[in-house]
**Q** 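Below is the structure I would like to discuss, written out as structure tokens.
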Amino acid sequence: MKTIFDKIISGEIPCDEVFSDDKCLAFKDITPQAPTHILIIPRKRIPSLNQIKKEDQVLLGHLLLKAREIANSCGLESWRTVINTGEEAGQTVFHLHIHIIGGRKLNWPPG
Ligand code: AMP
């Protein structure tokens with residue numbers, strides 16, 4: 001099923017882009033939970049971590065490496081990555097995404 005993030009990838013819906021390459025796209029979260037709140041998503045349609053396959057291994061590593069580059073380029077030394085998987089875990093958009101959150105003190109454990 002086409003999600004809002006597919007529409008962002010195709011350009012149907014605008015986004016505040018931070019980074020883009022042939023495998024992924026990163027943009028600012030529309031409802032930021034911290035001074036820096038960026039989402040990095042694969043261009044490939046993968047609904048969640050529940051659907052990842054062995055063939056996605058390199059892509060998943062790429063997303064994490066880009067997350068680090070993006071966080072560092074935003075001047076973050078301390079930052080959090082979040083991947084919500086499934087409705088009860090808080091996933092609302094069923095296109096795999098990594099939240100990059102930072103710029104304030106982050107509490108643990110999360111709610
Ligand atoms: P999750 O709850 O983990 O599925 O995260 C989905 C995130 O997508 C939320 O933090 C939303 O604020 C964010 N979001 C939804 N629509 C957009 C959009 N059009 N542009 C940017 N971020 C969005």
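These numbers were taken from a predicted model, which means no experiment stands behind them. Along the sequence shown, residues are numbered consecutively beginning with 1. For ligands, and for the atoms within them, numbers begin at 1 and follow the listed sequence.
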**Q** Who passes side chain to side chain contact (heavy atoms under 4.5 Å, CB included) against Glu69, sequence neighbours left out?
**A** Lys66
**Q** Could you state the interatomic distance from CH2 (Trp79) to CD1 (Ile101), rounded to the nearest 0.5 Å?
**A** 11.0 Å
**Q** Consider only side-chain N and O atoms of His97 and Asn84, and report whether a donor and an acceptor are under 3.5 Å apart.
**A** no
**Q** Could you tell me which residues satisfy ring pair (Phe, Tyr, Trp, His ring centres under 6.0 Å) with His95, sequence neighbours excluded, listed by chain and number?
**A** none
**Q** Can you find a side-chain donor-acceptor pair between Ser73 and Arg68 that sits under 3.5 Å?
**A** no
**Q** Taking a 3.5 Å cut-off between nitrogen or oxygen atoms, can you list every pair linking ligand 1 to the protein, with distances?
**A**
unit_1	atom_1	unit_2	atom_2	d
ligand 1	2 (O)	Gly90	O	2.8
ligand 1	2 (O)	Thr92	N	3.4
ligand 1	2 (O)	Thr92	OG1	3.0
ligand 1	3 (O)	Asn84	ND2	2.8
ligand 1	3 (O)	His97	NE2	2.9
ligand 1	3 (O)	His99	NE2	2.8
ligand 1	4 (O)	Thr92	N	2.7
ligand 1	4 (O)	Thr92	OG1	3.2
ligand 1	4 (O)	Val93	N	3.0
ligand 1	4 (O)	His97	NE2	2.9
ligand 1	5 (O)	His97	NE2	2.9
ligand 1	5 (O)	His99	NE2	3.2
ligand 1	10 (O)	Asp29	OD1	3.2
ligand 1	10 (O)	Asp29	OD2	2.5
ligand 1	12 (O)	Asp29	OD1	2.5
ligand 1	22 (N)	Ile30	N	3.1

**Q** Suppose the criterion is side chain to side chain donor-acceptor pair (under 3.5 Å): which pairs have a residue in residues 22-32, not counting sequence neighbours?
**A** Asp29-His37
